[in-house]
Amino acid sequence: MSFEYCYQQIDNSLIYTKMSSFHTKQYGVTPPVSTALPTPEEVKLNDAMIEELRNQSSFETEDGVQKRRKVLATLQTIVQEFVYTVSIKKNMSEGMAKDAGGKLFTFGSYRLGVYGPGSDIDTLVVVPKHVTKEDFFTVFDELLRKRKELQKIEPIPGAYVPIIKTVFDGIDIDIICARLDIPQVPLDLQLNSNDLLRNIDDQDLRALNGTRVTDLILKLVPQKTVFRHALRTIKLWAKKRAIYANMFGFPGGVAWAMLVARICQLYPNAVGAVIIEKFFYIYLQWKWPQPVMLTQIEDGPLPVRVWNPRLYGGDRAHIMPVITPAYPSMCATHNICRSTQAIILEEMKRASGIIDQIKKGKKDWSSMFQKHDFFYKYKFYLTVIAATREGYEDHLGWSGLVKSKLRLLVQKLENIPEIALAHPYVNPFMNSYISEKESDLFKMKDLYGTLAGEKFARDYLEEVKIDDETDFKTIEEDVKKSGKHIIHLMKLYIGLSLDVKGREKKIDIQVPCTEFDKFCRSWPDFDEKKFSLSIRYTKIWNLPDDVYEDGEKRPVKHKRKYESIKAESENKRQKIKSDEGKSAPATSITASAAASTTTRA
């Protein structure tokens, strides 16, 4: 039974609906829950959702679409130049070097068709067998740096999947590389064949998985348009609520996509708004750690590890597993820990309640996308500070390492009995300062992340504006010539929910902080003359102003009630003072525990 595009007149409003086909077949590992077609009320609800996505600027403009295509075309020519250059260096003939090819693939939100203004583009450079990772981080890096369109570049060769992060002609482009065991990579190459995975290492396998997974997700959903509308909604919600970041222990883009795709499989004829409603309803009742899978796990021809909790203890430790559909299947949510799982489920519960209110007409879709309340939520925060002397590019490497490992500190903190939950914030804050006195930079490093630090910076330091146009090399050269000093700083926050009932009210975090410090200092590129790491606790009313947006009212320390009562007599005032002296001590976190992890640059 087929349905064409149609218009329905409902309550004097024109509502556009699309059902390309009436889906009855099984798309996932279980039959659908319902194959019901959408009701007029559901169509109307869906139109309102899409309209709010437009209001939130979720869709890219036509000019933006064309610019992205142009940038990708330029990068494809650089990829081919890269492979050609390496081939010539390795004594291949002119003809063979040209035929070696090289191809740029996309994956993630761009390939899924759910990108918007400001979205980055995930790209994969596929090269033939004679081109190495070292070539990627030398020859390809050099070719990028020669381009006038390049505004920023951050090579991270030591990442789990080695990557070059760039800003190219105003667009954030993340570039990874995979080498295949074939002599040529033609432009018509497709990556769907498992045979291409033969004789490659684990890093190449992980790199290829991005594009392979993205393509399979689109094949495994009944209606691509419905899937994309629902995924845009979930991505926007997750970003607004600060639970979108694989690095920090939350689902990343591919995991959220697979979670949405599974609901689409269960309700193959539903509109996007219904998919969103069922998304929260089902995952709030899901029997974790039962895995979410779009298709049965495939046993392929290669001797590679496939996700299997029966065989591997590490896989059994995954508490919220979402499994990739492409061979070899992997868990896309292995970074989720007990704390971040609790936060995700709490946010889903909030969203489910809002959906109920939207259906009743008591709220609209904008309520779904209200900003998070992270910096209002906890009394105590841990501030993790990475500092670098002189080189900003060095700082990107050091701060990137600390960011990527923050989840390990979270996991250690949540094992302390007095800490009920450790909540990592997913957005780092970056600042750079110039001073004539080196001692002022040391003091700034000690005060950074607090109100006092902001005041000190305003009074004594010159702040360097950080954006894609900032030319740090020129700035650093000028600083050196003038005899001044520069420091680059990054701060990360972890909110702490405490459970001290019946326990000692002084919490010692020295062990996890010291272990985290030692782990970061074991980085092969660590140089104690350049880099430092410090961890300290900050109370909510001492958080700096820059964590709040314009118009947001920052928390303030309230005086005790009796301090606001006007005394009627000297005796009453004395009684109040006496009572104050007898009050129970406030819960505190051992400051020396955090400070002991400080290493001085």
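Because only heavy atoms are used, hydrogens play no part in the values below, and waters and symmetry mates are left out as well, while side chains stay in.
The side-chain hydrogen bond (donor to acceptor under 3.5 Å, both in side chains) test applied to Gln290 returns no partner, not counting sequence neighbours. Annotation: side-chain contact (heavy atoms from CB on, under 4.5 Å) contacts of Arg232 (sequence neighbours excluded): Leu53, Ser58, Phe59, Val114.
Judged by the 6.0 Å and 45° rule, Lys240 forms no cation-pi pair with Phe369. Annotation: cation-pi pair Arg111/Phe105 absent, no NZ/CZ under 6.0 Å from the ring centroid and within 45° of its normal. Judged by a 6.0 Å distance limit and a 45° cone about the ring axis, Lys405 is not positioned over the six-membered ring of Phe516.
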Salt bridge (Lys or Arg N to Asp or Glu O under 4.0 Å) assessment of Glu549 paired with Lys371: CA-CA 10 Å; Glu549 293 182 355; Lys371 186 188 171 186; 3.6 Å; yes

Verdict with supporting geometry, Val86 and Phe140, side-chain contact (heavy atoms from CB on, under 4.5 Å): CA-CA 9 Å; Val86 172; Phe140 187 71; over 6 Å; no

Test side-chain hydrogen bond (donor to acceptor under 3.5 Å, both in side chains) applied to Asn194 and Glu298, step by step: CA-CA 11 Å; Asn194 290 344; Glu298 178 184 355; 3.0 Å; yes

Candidate pair Leu180 and Leu208, rule side-chain contact (heavy atoms from CB on, under 4.5 Å), full reasoning: CA-CA 10 Å; Leu180 299 179; Leu208 290 167; 3.6 Å; yes

Derivation and outcome, side-chain hydrogen bond (donor to acceptor under 3.5 Å, both in side chains), residues His488 and Glu476: CA-CA 11 Å; His488 307 289; Glu476 288 160 1; 3.2 Å; yes

Worked check of side-chain hydrogen bond (donor to acceptor under 3.5 Å, both in side chains) between Asp120 and Tyr110: CA-CA 8 Å; Asp120 64 0; Tyr110 183 83; over 6 Å; no

Arg145/Asp141 under salt bridge (Lys or Arg N to Asp or Glu O under 4.0 Å): CA gap, chis, key distance, verdict: CA-CA 6 Å; Arg145 291 175 189 270; Asp141 182 289; 2.4 Å; yes

Test side-chain contact (heavy atoms from CB on, under 4.5 Å) applied to Arg262 and Met258, step by step: CA-CA 6 Å; Arg262 183 67 184 118; Met258 289 188 290; over 6 Å; no

Step-by-step side-chain contact (heavy atoms from CB on, under 4.5 Å) determination, Thr166 to Glu154: CA-CA 6 Å; Thr166 71; Glu154 180 186 354; over 6 Å; no

Trp256/Trp237 under ring pair (Phe, Tyr, Trp, His ring centres under 6.0 Å): CA gap, chis, key distance, verdict: CA-CA 11 Å; Trp256 286 120; Trp237 162 77; 5.7 Å; yes

Audit row: Thr61, Asp63, side-chain hydrogen bond (donor to acceptor under 3.5 Å, both in side chains) steps and yes/no: CA-CA 5 Å; Thr61 64; Asp63 287 345; 5.5 Å; no

Verdict with reasoning, Arg147 to Asp169, per salt bridge (Lys or Arg N to Asp or Glu O under 4.0 Å): CA-CA 10 Å; Arg147 301 292 303 205; Asp169 201 11; over 6 Å; no

Stepwise ring pair (Phe, Tyr, Trp, His ring centres under 6.0 Å) test for Tyr376 and Tyr548: CA-CA 10 Å; Tyr376 295 90; Tyr548 301 101; 5.3 Å; yes

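Contact check for Pro162 versus Ile176: no side-chain heavy atoms found under the 4.5 Å cut-off. Contact of the Lys473 side chain with the Asp471 side chain is registered, since non-hydrogen atoms from C-beta on lie closer than 4.5 Å. Under the 4.5 Å side-chain criterion, counting only non-hydrogen atoms from C-beta, Ile153 is not in contact with Lys165. A 4.5 Å side-chain heavy-atom check between Tyr327 and Arg212 finds at least one atom pair inside the cut-off. For the pair Trp307 and His318, the minimum side-chain heavy-atom distance is below 4.5 Å. In this structure, the side chains of Ser432 and Ile466 come closer than 4.5 Å at one or more pairs of heavy atoms. Considering only heavy atoms from C-beta on, Val292 comes within 4.5 Å of Tyr283 through its side chain. Side-chain contact between Tyr433 and Leu489 is present, with heavy atoms from C-beta onward closer than 4.5 Å.
In this structure, Lys103 does not pair ionically with Asp188, as no charged nitrogen and carboxylate oxygen lie closer than 4.0 Å. The pair Lys359-Glu277 meets the salt-bridge criterion, since a charged nitrogen lies less than 4.0 angstrom from a carboxylate oxygen. Between Lys465 and Asp467, at least one side-chain nitrogen of the basic residue sits less than 4.0 Å from a carboxylate oxygen of the acidic one, meeting the salt-bridge criterion. Ion pairing between a basic and an acidic side chain is recognised when a charged N comes within 4.0 Å of a carboxylate O; Arg554 and Asp545 show such pairing. Contact check on Arg241 versus Glu346 returns no salt bridge, with no Lys/Arg side-chain nitrogen under 4.0 Å from an Asp/Glu carboxylate oxygen. A salt bridge links Glu51 to Arg54: at least one charged side-chain nitrogen sits closer than 4.0 Å to a carboxylate oxygen.
When ring centroids are compared, Trp523 and Phe531 come within the 6.0 Å threshold. The aromatic ring centroids of Tyr381 and Phe374 lie less than 6.0 Å from each other. Taking the centre of each ring, His395 and Phe472 stay at or above the 6.0 Å mark.
Checking side-chain atoms of His229 against main-chain N and O of Val226 turns up no donor-acceptor pair under 3.5 Å. Panel note: side chain Asp204, backbone Arg179; a donor-acceptor pair is recorded below 3.5 Å. In this structure, the side chain of Gln265 does not engage the main chain of Val221 through any donor-acceptor pair within 3.5 Å. Not one N or O on the side chain of Ser329 forms a donor-acceptor pair closer than 3.5 Å with the backbone of Val306. In this structure a side-chain-to-backbone donor-acceptor pair under 3.5 Å is present from Asn46 to Ala273. Using a distance-only test at 3.5 Å, with no hydrogens or angles considered, a donor-acceptor pair links the side chain of Gln223 to the main chain of Pro268. Without hydrogens or angle criteria, Asp135 side chain to Thr132 main chain gives a donor-acceptor distance under 3.5 Å. When atom types are taken as modelled, the side chain of Thr333 and the backbone of Val322 share a donor-acceptor pair closer than 3.5 angstrom.
In terms of heavy atoms, Thr383 sits closest to Lys491 at CG2-CB, 4.1 Å. Across all their heavy atoms, Val79 and Gly102 have their closest contact at CG1-C, 3.7 Å. Residues Asn209 and Ala326 approach most closely at OD1-CB, 3.9 Å, considering heavy atoms.
The only option from Phe248, Phe375, Tyr493 that meets the ring-ring contact (aromatic ring centres under 6.0 Å, His included) definition with Tyr425 turns out to be Phe375. Considering Leu112, Leu231, Val260 as possible partners of Ile217, the one that fulfils the side-chain contact (heavy atoms from CB on, under 4.5 Å) test is Leu112. Partner of Val125 under the side-chain contact (heavy atoms from CB on, under 4.5 Å) criterion, out of Leu104, Ile78, Leu75, Val185: Leu104 alone.
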